[in-house]
Student: 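Have a look at the structure that comes next, please.
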Amino acid sequence: MKEAVVRKDTSVDIVDAPIPKPGPGYVLIKVIVAGTNPKDWKVPIFYGSDMNTGDDIAGIVEAVGEDVVGFNKGDRVAAFHEMMASHGAFAEYALAPYYTTFHIPDSTTFEEAATIPLAAYTSVCALFQELELPEPWSPLSKAAGKDGTKRPLLIYGASTATGAFAVKLAAAANIHPIITVGSKRSEFIRPFLDESKGDVLVDYTAYPTGEELINAIQQAVKKGGAPDGRCWKAFDSVSEDDTIRLVTKVIAGPPDAAGRRPKMTNIMLKTEVEGSDPSVDIVFSMVGQVHTENENDRLIGVAWGAAFARGLREGWLTGHPYTIGKNGLEGLSDGLKGLKDGNIRAQKILTRLSETPGASD
């Protein structure tokens with residue numbers, strides 16, 4: 001089979017490799033479409049190691065290992081490959097744990113499905129693990145949908161895949177008002193915002209200074225009907241020092257009567273940022289937790305994989321905007337360089353494996 005190895009200079013080598021065999025708990029997938037993420041060019045640089053860095057898989061189950069339940073050869077699936085492990089998405093065949101593999105309906109294209117796994121699981125870990133918001137199936141979420149309970153949430157970075165999926169998942173869990181910050185590139189997320197429940201998209205480009213943007217976000221929180229006019233929880237999907245500082249200032253304030261402090265989570269392993277507001281707890285989200293040996297963590301993957309499949313069927317979950325690279329794996333380097341240089345934003349770069357020169361039928 002053809003496999004792509006990403007180098008430290010973001011170039012890509014196409015090599016011939018044997019088709020892997022699935023071990024216990026793993027699924028072998030014939031990759032139809034592979035998705036990319038910024039980490040795919042960063043990992044070889046940070047770790048000084050060349051590898052197949054792809055983690056977003058959409059394709060057809062070819063074989064299953066021992067102890068795999070719920071999947072059979074021929075199933076249409078998407079999967080989150082274990083990061084840093086071998087046999088990733090940038091190959092004609094890839095391996096993924098069954099607990100981060102999920103069925104996709106016939107109405108969902110492989111292209112759409114390939115945009116979902118890593119980013120959506122990242123948003124799950126941010127909202128429902130670190131921020132401890134109630135999942136869509138929680139009695140608290142169901143009650144909120146009936147009585148209009150307000151659980152304000154700030155999501156910074158609506159154009160990013162993680163930010164956009166966070167909006168969709170929060171809406172599915174009846175979390176409102178959703179105050180999301182983006183730009184004109186974020187318009188695709190509006191159908192998932194409910195203005196009648198206080199949801200709003202704040203365009204950060206409309207505010208010349210950080211102070212003006214902070215004030216605009218705080219006013220949006222109040223207008224959305226947040227209790228006491230405050231937002232206590234935030235997800236910064238951009239996760240730069242400047243955005244973390246800004247987000248903490250938006251939600252800053254004294255703890256509640258039970259001593260709970262405002263909390264924000266990021267995805268860049270940061271817990272301290274100079275200049276951030278000290279009244280806010282800064283935590284980070286680790287999507288890799290769904291691949292640990294801990295069975296409870298693995299249940300996150302299983303439960304949310306089933307939720308993703310259901311969301312695709314019911315329409316409350318959709319893929320992220322995307323563009324298709326040229327010539328299969330041979331065009332992968334161009335896509336990764338576009339992500340690295342910042343020339344590609346608000347969309348996923350996808351690779352159709354069948355378009356790789358020399359790929360099998």
Side-chain angles (χ1 to χ4, degrees), residues 37-39 42 46 119 122-123 125-133 151-167 170 175 177-186 189 198-224 226-256 259-287 339-342 345-346:
N37 296 278
K39 59 153 282 295
K42 294 178 181 179
F46 292 167
T122 299
S123 300
C125 292
L127 300 189
F128 305 106
Q129 299 301 307
E130 296 305 324
L131 295 183
E132 301 177 296
L133 293 166
R151 290 191 179 88
L153 172 66
L154 170 60
I155 299 172
Y156 196 100
S159 295
T160 68
T162 50
F165 282 119
V167 171
I175 295 166
I178 301 169
I179 312 301
T180 186
V181 181
S183 66
K184 291 179 175 59
R185 291 190 298 267
S186 311
I189 207 65
D199 299 348
V200 66
L201 171 62
V202 177
D203 184 352
Y204 74 90
T205 67
Y207 301 94
T209 67
E211 289 75 15
E212 289 174 286
L213 177 57
I214 290 169
N215 181 66
I217 298 171
Q218 290 175 332
Q219 291 303 312
V221 171
K222 294 176 182 178
K223 186 176 179 181
D228 300 323
R230 292 186 62 185
C231 179
W232 292 78
K233 298 189 177 184
F235 172 33
D236 178 8
S237 69
V238 177
S239 303
E240 297 176 352
D241 286 1
D242 285 346
T243 61
I244 291 174
R245 278 191 284 267
L246 186 145
V247 169
T248 62
K249 292 175 182 177
V250 170
I251 66 173
D256 65 13
R260 291 183 291 255
R261 289 153 51 95
K263 180 189 287 189
M264 70 87 64
T265 187
N266 67 88
I267 56 177
M268 293 300 288
L269 312 185
K270 297 178 180 180
T271 58
E272 294 183 4
V273 173
E274 185 177 356
S276 62
D277 193 284
S279 70
V280 177
D281 288 333
I282 302 174
V283 299
F284 60 82
S285 305
M286 284 287 291
V287 67
L339 291 173
K340 181 180 179 181
D341 297 339
R345 297 181 178 181

Student: Measuring only between side-chain heavy atoms, which start at C-beta, is Lys223 closer than 4.5 Å to Pro177?
Tutor: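 In short, these two side chains do not touch, never coming nearer than 4.5 Å.
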Student: Please check this pair: side chain of Ser123 against backbone of Ala119, looking for a donor-acceptor N/O pair closer than 3.5 Å.
Tutor: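 Yes; at least one donor-acceptor contact below 3.5 Å.
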Student: Just to verify, which of Thr243, Asp242, Thr248 counts as forming a side-chain hydrogen bond (donor to acceptor under 3.5 Å, both in side chains) with Arg245?
Tutor: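 Going through Thr243, Asp242, Thr248 one by one, the side-chain hydrogen bond (donor to acceptor under 3.5 Å, both in side chains) with Arg245 is satisfied by Asp242 alone.
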Student: Keeping the roles fixed (side chain from Thr180, backbone from Leu201), state whether a donor-acceptor pair exists under 3.5 Å.
Tutor: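 A pair under 3.5 Å: no.
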Student: Stepwise, does the side chain to side chain contact (heavy atoms under 4.5 Å, CB included) test hold for Ile244 with Met264?
Tutor: CA-CA 8 Å; Ile244 291 174; Met264 70 87 64; 4.1 Å; yes
Student: Check Gly182 against Tyr204 and note the closest heavy-atom contact, atom names and distance.
Tutor: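 Between these two residues, the closest heavy atoms are O-CD2, 2.8 Å.
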Student: Kindly give the heavy-atom pair with the smallest separation between Ile178 and Ile175, and that separation in Å.
Tutor: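 Scanning both residues, the minimum pair turns out to be CG1-O, 3.2 Å.
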Student: Do the side chain of Asp203 and the main chain of Val181 share a donor and acceptor less than 3.5 angstrom apart?
Tutor: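 No, because the side chain of Asp203 does not come within donor-acceptor range (under 3.5 Å) of the backbone of Val181.
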Student: Taking side chain to side chain donor-acceptor pair (under 3.5 Å) as the test, write out the residues that go with Asp241, two or more places apart.
Tutor: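 Scan of Asp241 (side chain to side chain donor-acceptor pair (under 3.5 Å), adjacent residues dropped) gives Lys270.
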Student: Name every donor-acceptor pair, under 3.5 Å, that has one atom in a side chain of residues 154-161 and the other anywhere in the protein, sequence neighbours excluded.
Tutor:
{"from": "Ser159", "atom 1": "OG", "to": "Ser186", "atom 2": "OG", "distance (Å)": "2.5"}
{"from": "Thr160", "atom 1": "OG1", "to": "Gly157", "atom 2": "O", "distance (Å)": "2.8"}
{"from": "Thr160", "atom 1": "OG1", "to": "Thr162", "atom 2": "OG1", "distance (Å)": "3.4"}
{"from": "Thr160", "atom 1": "OG1", "to": "Gly163", "atom 2": "N", "distance (Å)": "2.9"}
{"from": "Thr160", "atom 1": "OG1", "to": "Ser237", "atom 2": "OG", "distance (Å)": "2.7"}

Student: Locate the shortest heavy-atom distance separating Val247 from Ala234; write the atom from each residue and the value.
Tutor: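 That would be CG1-CB, 3.5 Å.
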Student: Does Asp228, at its CG atom, have more than 12 non-hydrogen atoms belonging to other residues, nucleotides or ligands within less than 6.0 Å?
Tutor: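 Counting neighbours around CG of Asp228, 12 or fewer heavy atoms of other residues, nucleotides or ligands fall under 6.0 Å, so no.
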Student: Tell me, yes or no, whether the heavy-atom count around Lys340 atom NZ, taken from other residues, nucleotides or ligands under 6.0 Å, exceeds 12.
Tutor: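 More than 12 heavy atoms, drawn from other residues, nucleotides or ligands, come within 6.0 Å of this atom.
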Student: Please answer whether the main-chain N or O of Val238 pairs with a side-chain N or O of Asp236 as donor and acceptor at a distance below 3.5 Å.
Tutor: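 Side chain of Asp236 to backbone of Val238, a donor-acceptor pair under 3.5 Å: yes, one is there.
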Student: Kindly compute the distance separating CD1 (Ile251) from SG (Cys231), expressed to the nearest 0.5 Å.
Tutor: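 Going from CD1 on Ile251 over to SG on Cys231, the span is 6.0 Å.
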Student: Looking at CD of Glu132 and CG of Leu127, how far apart are the two atoms once the value is rounded to the nearest 0.5 Å?
Tutor: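 Separation between the atoms: 12.0 Å.
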Student: Measure from the side-chain N and O atoms of Lys263 to the backbone N and O of Glu130, and report whether any donor-acceptor pair falls under 3.5 Å.
Tutor: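 Here the side-chain-to-backbone pair exists.
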Student: Report yes if the side chains of Trp232 and Asp256 come closer than 4.5 Å at any heavy-atom pair, otherwise no.
Tutor: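 Yes, at least one pair of side-chain atoms sits under 4.5 Å.
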Student: How long is the gap from OG1 on Thr205 to CG on Leu213, to the nearest 0.5 Å?
Tutor: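 Here the rounded value is 9.5 Å.
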Student: Between atom CZ of Arg261 and atom CD1 of Ile282, what is the distance when rounded to the nearest 0.5 Å?
Tutor: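 That separation rounds to 9.5 Å.
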Student: Assess the residue pair Arg185 and Arg345 against the criterion (side chain to side chain contact (heavy atoms under 4.5 Å, CB included)); give the C-alpha distance rounded to whole Å, side-chain angles, the decisive distance to 0.1 Å, and a yes or no.
Tutor: CA-CA 8 Å; Arg185 291 190 298 267; Arg345 297 181 178 181; 3.7 Å; yes
Student: The test is side chain to side chain contact (heavy atoms under 4.5 Å, CB included); show your working for Leu131 and Leu153 and say whether it passes.
Tutor: CA-CA 10 Å; Leu131 295 183; Leu153 172 66; 4.0 Å; yes
Student: Quick one: list whatever passes side chain to side chain donor-acceptor pair (under 3.5 Å) with Thr209, sequence neighbours left out.
Tutor: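 Per chain and number, Thr209 pairs via side chain to side chain donor-acceptor pair (under 3.5 Å) with Glu212.
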Student: Atom OG1 of Thr122 and atom NZ of Lys39: how far apart are they, to the nearest 0.5 Å?
Tutor: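 Taking OG1 in Thr122 and NZ in Lys39, the distance rounds to 10.0 Å.
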Student: Measure the spacing between CG of Leu269 and OG of Ser285 and express it to the nearest 0.5 Å.
Tutor: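 These two atoms lie 9.5 Å from each other.
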Student: Can you list the steps and then say if Val202 with Tyr207 is a side chain to side chain contact (heavy atoms under 4.5 Å, CB included)?
Tutor: CA-CA 10 Å; Val202 177; Tyr207 301 94; 4.0 Å; yes
Student: How close do Gly229 and Val221 get, counting heavy atoms only, and between which atoms?
Tutor: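 Closest heavy-atom pair between Gly229 and Val221: O-CG1, 3.7 Å.
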Student: Looking at side-chain heavy atoms only, is the closest gap between Pro262 and Pro255 below 4.5 Å?
Tutor: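 A side-chain contact is absent here, since even the closest heavy-atom pair is not under 4.5 Å.
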Student: Measuring only between side-chain heavy atoms, which start at C-beta, is Lys233 closer than 4.5 Å to Leu133?
Tutor: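 Side chain of Lys233 against side chain of Leu133, heavy atoms only: contact under 4.5 Å found.
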